[in-house]
2 protein chains.
Amino acid sequence: MYNCAAGQDGYPFGVLRGFFNGEEGRMAASIRDVALRAGVSVGTVSNVLNRPDDVSQDSIRRVHEAIAELGYVRNDAARKLRAGVSSTVGFVVLDGQNPFFGEVVRGAEDEASRNSIAILHGNTDEDVERERMYLDLFEEQQVRGVLISPYSDINPRLERLRARGIPAVLVDRFSGDGRVSSVSVDSVIGGRMAVEHLIETGRRRIAFVGGPFEIRQVTDRLAGARVAVDDSPEPVEIEVVATSALTVAEGAAAGARLIARPRADWPDAVFAANDLLALGVLQSLIVGGRILVPDEIAVIGFDDIAFAAAAAVPLSSMRQPSRMIGRTALRILLEETDDPGLIPRQTVFLPELVVRESTRAAQRR
Amino acid sequence: MYNCAAGQDGYPFGVLRGFFNGEEGRMAASIRDVALRAGVSVGTVSNVLNRPDDVSQDSIRRVHEAIAELGYVRNDAARKLRAGVSSTVGFVVLDGQNPFFGEVVRGAEDEASRNSIAILHGNTDEDVERERMYLDLFEEQQVRGVLISPYSDINPRLERLRARGIPAVLVDRFSGDGRVSSVSVDSVIGGRMAVEHLIETGRRRIAFVGGPFEIRQVTDRLAGARVAVDDSPEPVEIEVVATSALTVAEGAAAGARLIARPRADWPDAVFAANDLLALGVLQSLIVGGRILVPDEIAVIGFDDIAFAAAAAVPLSSMRQPSRMIGRTALRILLEETDDPGLIPRQTVFLPELVVRESTRAAQRR
DNA sequence: AATCGCACTTGAATCGATTCAGGTATCTTC
DNA sequence: GAAGATACCTGAATCGATTCAAGTGCGATT
C-alpha cells in the first residue's frame, strides 16, 4: 500500500530540487518555492496573486519579495489546467500577406495586450487543410476564443468549439445563420458604392477583377457591383475577369489580359475585389501598357490599405475600418468568454469611398 | 484522515462527469474517458498517442475509435505541465505594419506548421514596454522558444529565458556578443551596396533618410552608406535626415522637408533606411513636389517589399530574403530546443541589389 | 518443467497553480 | 466572559497527460 502523505508532508522541495538538479538555477521556481521562501503556504501565495484583498499587507509584501528574489514566473500551463482560464486567443487569418489583415490583427492585438492576452496566429492562405490544422491546434491549446476570417464553411467546426467552451467570432465575414458573432463590413454595399462612383464619373464599361469566388467577400462585392449596374439609369456593361488569388501578381496578370485585347474591347474602368489586385492592375496598365489612368481606364480597389495612396497613380478605394474591426472582434470575443450565455451578435461597419487620382472624372465626359 | 485511494480506484469518472454536469456534451472528453471507452488503461491511451510502436495493433485501433467517437482532443496544458514540451513559439516583431516582417513571420509560420507548432505573435511597435510585456507573457506560457527582432537591449532578458530552458533566436539582427543565435542580413554591406550603386549612377549628394537610431538596422545601414562614401574615388557628400519612425508617413514628411529647401541645396539621391520610408519619400517628391524621379532625385530603399515594384516609380531596393530568414530562424530555434547544448550560431544572409526605375542613371551624366 | 526474453499493459505518482473546507487568532458586543 | 463576527491562513484535493516501475501472458530455449 502507498503511504498517502509521502511527498506532501512539508518535504523541503526547494532543497530537494536543487539537489537532484545539480546545475543551480536551471530550474524555474514554483509557487512552492515562493511559499517556502516567504514563510507562508502555497494557498496564500496563490491568493496574493489572484485575490490580494483577502491577504494581509504583510503577507503580500513578503510574497512579492520572495517572487522578486526567486524570479518566479507563474506557470500558465498549470494555471490553465486547474483554473480553466486561458490567456491566449487564436486568430486564423485568410491572407497574412494582405496589409488589410495586418491592420486587423494589429487592432486585435492592441485590445488583447490591454488584457494581457497574447494572440496565436495562423495564416491559412486560402487553404482548407491549413485552416483545419490551425483550428485543431487552437483547440488543443484551449485558447480562450478564436477570431477567424474563414475560407471554407466551418460552421460545424465552430459549433464544436463552442460546445467546448471556446467561442468564435467571424472577422470580415457576416455570419449567415447568426449562430456565431461576427464583425464585418458590408461588402455588397461597398461593391455598389464603388461601381456607382465609377458610373457617376462617366464610366460605362466596367470590368470586375476578382477571385477565387469561394471567397465570400469577392462574390459579395461583385453582387454589389451588379446592383449598381442594374440600378443605373444609363446602360452600363459589366464583365468579370476572374483571378485565382487576391494578389498583386494576379492583378497584374488580369490587367495584362485586358489590354491584350483590341482597344475597342477595353473596359473604361476596373473595379478590383481588393487593393492588392487593383495595384497589380494599375501597374500592368501603366508600366506594361503605358495606358493613361484614369483617362483611358479608371481603377478602384477595396480595403484602402496604406499603399493605395502611394501607388503609381494614387488609388481610389473602399476604406474598411480595419483596426476597428480587429479591436471590436476581440472585445466581443472576450465578452462572450466572460458570459457564455450571450446571444451572438453581428456587427457590420459601412465602408467609405475614398476618391483619389485613379478615378478622377473621365476627360471625354 | 483522508482516504487515500478515493477517486483513484477505478471510479467511473465518465459517468460521474456526465451526471454532475447535466448539459451533455458541454464538457470535453479526457484521456480517462477514452481509456474507459476503449477498455484500456490511461497509460495505454497515452502510449498510443506518443509511442505507438510500443502498443499492439488492436489497442491502437480501439483507442483511435474511442477518440473519434468521443471527439477527444488532447489537453495541451496538461501535456505541457507534465511533459514540459510546448507546441508554441513566440515571435516578438518590431513592426507588424511593415510587410517585410509580415514575410518573415510567414516564413517562420511555414516552417512551424510543418511541425504542428503555432506562433504566438506580438508587435512591439518599437516600444520597450510592450517588448517586455510580450516576453513576460511568453515566459508564463512556457513557449518552446522565442524569435525576436529586438528593439531595446534585451540580452539579460534572453539569458534568463535561456536559463529557464527557453532559447531565443534574434531575427533580422546580428547578435553582438554571440551568446544567442541570430539570423540576419548584413545591413552594413547592404547600406554600402545601395550607396555604391547611387554613386556609380552618378549621384554625388546623398541624403540618408532614417531613424530612430535606437534601431540597430538603421545605424548599420547608415554606417555602410558612409563606408561607400569614404571609399569613393570621387568626392561624395552624405547628410542624415532623421525620422522618428520607419513609416510611409515619416518618409513623406522627410521628403517634404528636403524639397522645402532652396533647390540648390537638394540632394540628388535619397537612400532610405527601409522601403516604407522610401515609398513615403517617393510620394512626397512626385505628388507633393512634381519632382522627376530619378532624374532630379533618385531614391533607393531597403527590404524590397512587394509594393516597392508597384510604386509610383518602381522603387530600387536592397532585397532581403525575408521568408528564408523566418524559416531559418524557426529551424534553428527548434534545433536548439531539441539539443539545448548547441552553441549559438550566427546566420547572415547577403542582401541583393534590385535596380528599378527609381535609380536609373542620372540624365546629366 | 523450469527459465528466460519479449511484447504489451497497468495504474500510481507527478507536473504546478487553484480552490475551498476547515482552522486559529483577534476583535465586538452585550 | 461568552458568543459571534471578522480577518487571515493552511494544506489536501484537483485539473489531465505523461512516465515508469511493476506485472502479465506467451512462446522459445534448455
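These numbers were taken from a predicted model, which means no experiment stands behind them. Reminder, nothing fancy here: chain letters follow the sequence lines and each chain counts from 1.
Of the charged side-chain nitrogens involved, none lies within less than 4.0 Å of a carboxylate oxygen, so that A/Asp33 and A/Arg37 do not count as a salt-bridged pair. Ionic pairing of B/Glu139 and B/Arg160 is present here: one or more N-O contacts between side-chain nitrogen and carboxylate oxygen are shorter than 4.0 angstrom. A salt bridge between A/Arg106 and B/Asp125 is present, with a side-chain N of the basic residue lying under 4.0 Å from a carboxylate O of the acidic one.
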Please list, for nucleotides 4-9 of chain C, all pairs of protein and nucleotide N/O atoms separated by less than 3.5 Å.
| from | atom 1 | to | atom 2 | distance (Å) |
| --- | --- | --- | --- | --- |
| C/dT9 | OP1 | B/Ser56 | OG | 2.9 |
| C/dT9 | OP1 | B/Ser59 | OG | 2.2 |
| C/dT9 | OP2 | B/Ser56 | N | 3.3 |

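Going from atom CD of B/Gln142 over to atom C1' of D/dA17 covers 15 Å, rounded to whole Å. Atom OH in B/Tyr72 sits about 8 Å away from atom C1' in D/dG16, given to the nearest Å. Protein atom CG of A/Asn50 is 8 Å distant from nucleotide atom C1' of C/dA17, rounded to whole Å. We find that CZ of A/Arg51 is positioned 16 Å from P of D/dA7, with the value rounded to whole Å. At whole-Å resolution of the value, CZ in A/Arg32 and C1' in C/dT14 are 10 Å apart. B/Asp33 has its CG atom 11 Å from the P atom of D/dC15, to the nearest Å. Distance A/Leu36 CG to C/dG16 C1': 15 Å, rounded to the nearest Å. What separates CD1 of B/Ile31 from C1' of C/dT14 is a distance of 14 Å, to the nearest Å.
A donor-acceptor contact closer than 3.5 angstrom is absent between the side chains of A/Thr328 and A/Glu111.
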Pair B/Ser113-B/Asn115, side chain to side chain contact (heavy atoms under 4.5 Å, CB included): steps then yes or no
CA-CA 5 Å; B/Ser113 70; B/Asn115 295 278; over 6 Å; no
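Residue side chain B/Arg82 reaches the base of C/dT14 through a donor-acceptor N/O pair under 3.5 Å, judged by distance alone.
Taking every side-chain heavy atom of B/Ser30 into account, D/dG16 is the closest of C/dA17, D/dG16, D/dT18. Taking only side-chain atoms of A/Arg79, from C-beta outward, the nucleotide of C/dG16, C/dG11, C/dT18 with the closest atom is C/dT18. Ranking C/dT18, D/dG16, D/dT19 by closeness to the A/Leu81 side chain, first place goes to D/dG16. Distances from the side chain of B/Arg74 to the nucleotides C/dA17, C/dT18, D/dT18 place D/dT18 closest.
Heavy atoms of other residues, nucleotides or ligands lying less than 6.0 angstrom from CZ of A/Arg114 number more than 12.
Within 4.0 Å of A/Asp76, counting heavy atoms only, lies no atom of the nucleic acid at all.
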Pairs under 3.5 angstrom only: tabulate donor-acceptor contacts from the side chains of residues 338-345 of chain A to other protein residues two or more places apart or in another chain.
| from | atom 1 | to | atom 2 | distance (Å) |
| --- | --- | --- | --- | --- |
| A/Asp339 | OD1 | A/Gly341 | N | 3.1 |
| A/Arg345 | NH2 | A/Glu335 | OE1 | 2.1 |

